[in-house]
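Please read the structure below before turning to the comments.
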Amino acid sequence: MIDKLYISTVDYNWKDSSTLVDRHNIDKIINNSEFIDCHTSIEDLFCENISVACNNANAIILVNINEDVKITNNNCFAYGRLFNELLRHKSKIKNFTWNKHFDYLQNIRTNAAPVLWTVGCSVTAGAGVEHNDRWGTLLSKYLDLPEITLSKGGASMYWAADQILRSDVRESDVVVWGLTNVPRIEFAKSWNFESTTISDYFSKDKRHQYWNLDYFESETQVLFALRNILQVINFCQKAKATLYLANVFDIAWISVMLKDFKNFIDLTYDLTVVGNNIKFIDLGSDNAHPGPKQHQQYAEKLHNFIKEGK
């Protein structure tokens, strides 16, 4: 039988007199009439034996293991099983905590009055231009509404939709989602999402390259993006907020699929497409993203579009 069960990571260097319990000897140890102290890891014990080990231990003591344990593709399920089992035996554990936050929102509401939400990728975030030159900043002034932006470089449709759906969007708010192009994905890193575009994806750590090239711009990825948009449309309707969808980057399916949505505007339609890239009126300081003149045009078009719809 097991008296004290010490649990750590597989590479922990045990120097006490406790006995290793693993998948090979667990049955023998728990069927022994004598109580002994044991040590193990989820890698030694295997997932299918963690419940038996915890059930048969008088006390469970964690050693150098908490919510900051390194999670990899190979051990994610295993540590999920371990922590799930520890929650089932809280009375046996004195030093178990789980305080990992996974509910990150880029910005939050700080007042009750109506606001302008601007959402999107690096274009909306204002990469390459000063803050006061961003289309969101300019539109905020035109509409006389304080701005809350949910935008970051490389952000995918999924990231943007997720931020909107979990934000405190209220009646009379205005939500302007600057739609980016489809071939972007999110992958988890330290229990938060990291965004990447197709051009940067294959330079990422191999363990985060879950998708092959065929996935990008596939019917499946496009449909996922469109479903994200439909979820946001429904959410804003329920919240009685006014949603405007503005294409700022995509030159494929987004404008085709959303052409009949009343509050959709394609901000790229009068810009030249060279190859598979949009030629902006001017470029920002990074020589890649739209510059101040382009942001000014975006803001003016959006302002006029919103005024016409009222």
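- Other residues, nucleotides and ligands place no more than 12 heavy atoms under 6.0 Å from the CD atom of Glu130.
- Remark: side-chain polar atoms of Asp173 are paired, donor with acceptor, to backbone N or O of Val115 under 3.5 angstrom.
- Between Asp44 and Ser41, the side chains place a donor N or O and an acceptor N or O closer than 3.5 Å (distance only, hydrogens not considered).
- Looking only at distances, a side-chain donor or acceptor of Ser8 sits under 3.5 Å from a matching main-chain atom of Val63.
- When atom types are taken as modelled, the side chain of Asn212 and the backbone of Asp214 share a donor-acceptor pair closer than 3.5 angstrom.
- Heavy-atom minimum distance, Ile278 versus Ile251: CG1-CG2, 3.6 Å.
- A donor-acceptor pair is defined here as one N or O able to donate and one able to accept, closer than 3.5 Å; no such pair exists between the side chain of Gln294 and the backbone of Phe280.
- A side-chain contact (heavy atoms from CB on, under 4.5 Å) with Ile306 is found for one member of Asn263, Leu116, Leu143 and no other, namely Leu143.
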Quiz prompt | Trp177/Trp117 under side-chain contact (heavy atoms from CB on, under 4.5 Å): CA gap, chis, key distance, verdict | solution = CA-CA 8 Å; Trp177 183 359; Trp117 298 85; over 6 Å; no

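- Under the 4.0 Å criterion applied to side-chain N and carboxylate O atoms, Lys301 and Asp270 are assigned as salt-bridge partners.
- Of all heavy-atom pairs between Lys100 and Asp68, the closest is NZ-OD1, 3.0 Å.
- Asn73 places a side-chain N or O within donor-acceptor distance of the main-chain N or O of Arg207, the cut-off being under 3.5 Å.
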Quiz item: Taking it one step at a time, do Thr196 and Lys204 satisfy side-chain contact (heavy atoms from CB on, under 4.5 Å)?
Solution: CA-CA 9 Å; Thr196 185; Lys204 301 294 182 181; 3.5 Å; yes

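- With respect to Glu48 and Arg81, no salt bridge is recorded, no charged nitrogen being found less than 4.0 Å from a carboxylate O.
- Checked against the 6.0 Å centroid threshold, His208 and Phe187 count as a close aromatic pair.
- Ring centroids of Phe193 and Tyr158 are separated by less than 6.0 Å, placing the two rings close together.
- Leu138 and Asp133 make their closest contact through CD1-O, 3.8 Å (heavy atoms, listed as atom of the first residue, atom of the second, distance).
- Remark: aromatic rings of Tyr201 and Phe216 are close, center separation under 6.0 Å.
- In this structure, a donor-acceptor pair under 3.5 Å is absent between the side chains of Gln221 and Glu217.
- Among all heavy-atom pairs drawn from Ala288 and Leu283, the shortest one is O-CD2, 4.0 Å.
- No more than 12 heavy atoms of other residues, nucleotides or ligands sit less than 6.0 Å from atom CD of Glu219.
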Exercise. Would you please test Val176 and Leu302 for side-chain contact (heavy atoms from CB on, under 4.5 Å) and show each step?
Key: CA-CA 9 Å; Val176 181; Leu302 284 166; 4.1 Å; yes

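- Looking at Lys240, its side chain never comes within 3.5 Å of a backbone N or O of Ser172 through a donor-acceptor pair.
- Side-chain atoms of Asn192 and Ser190 include no donor-acceptor pair closer than 3.5 Å.
- Closest approach of Leu45 and Ile26 over heavy atoms only: CD1-CD1, 3.9 Å.
- Tyr142 OH: more than 12 foreign heavy atoms inside a 6.0 Å radius.
- Summarising the local packing, NZ of Lys189 is surrounded by 12 or fewer heavy atoms from other residues, nucleotides or ligands at distances under 6.0 Å.
- Counting heavy-atom neighbours within 6.0 Å of Lys4 NZ, excluding the residue itself, gives a total of 12 or less.
- Neither side chain, Gln297 nor Glu300, offers a donor N or O lying under 3.5 Å from an acceptor on the other.
- Counting only distance, with no hydrogens or angles, the side chain of Glu194 and the backbone of Ala188 share no donor-acceptor pair below 3.5 Å.
- Closest approach of Arg166 and Asp103 over heavy atoms only: NH1-O, 3.3 Å.
- When atom types are taken as modelled, the side chain of Thr268 and the backbone of Val248 share no donor-acceptor pair closer than 3.5 angstrom.
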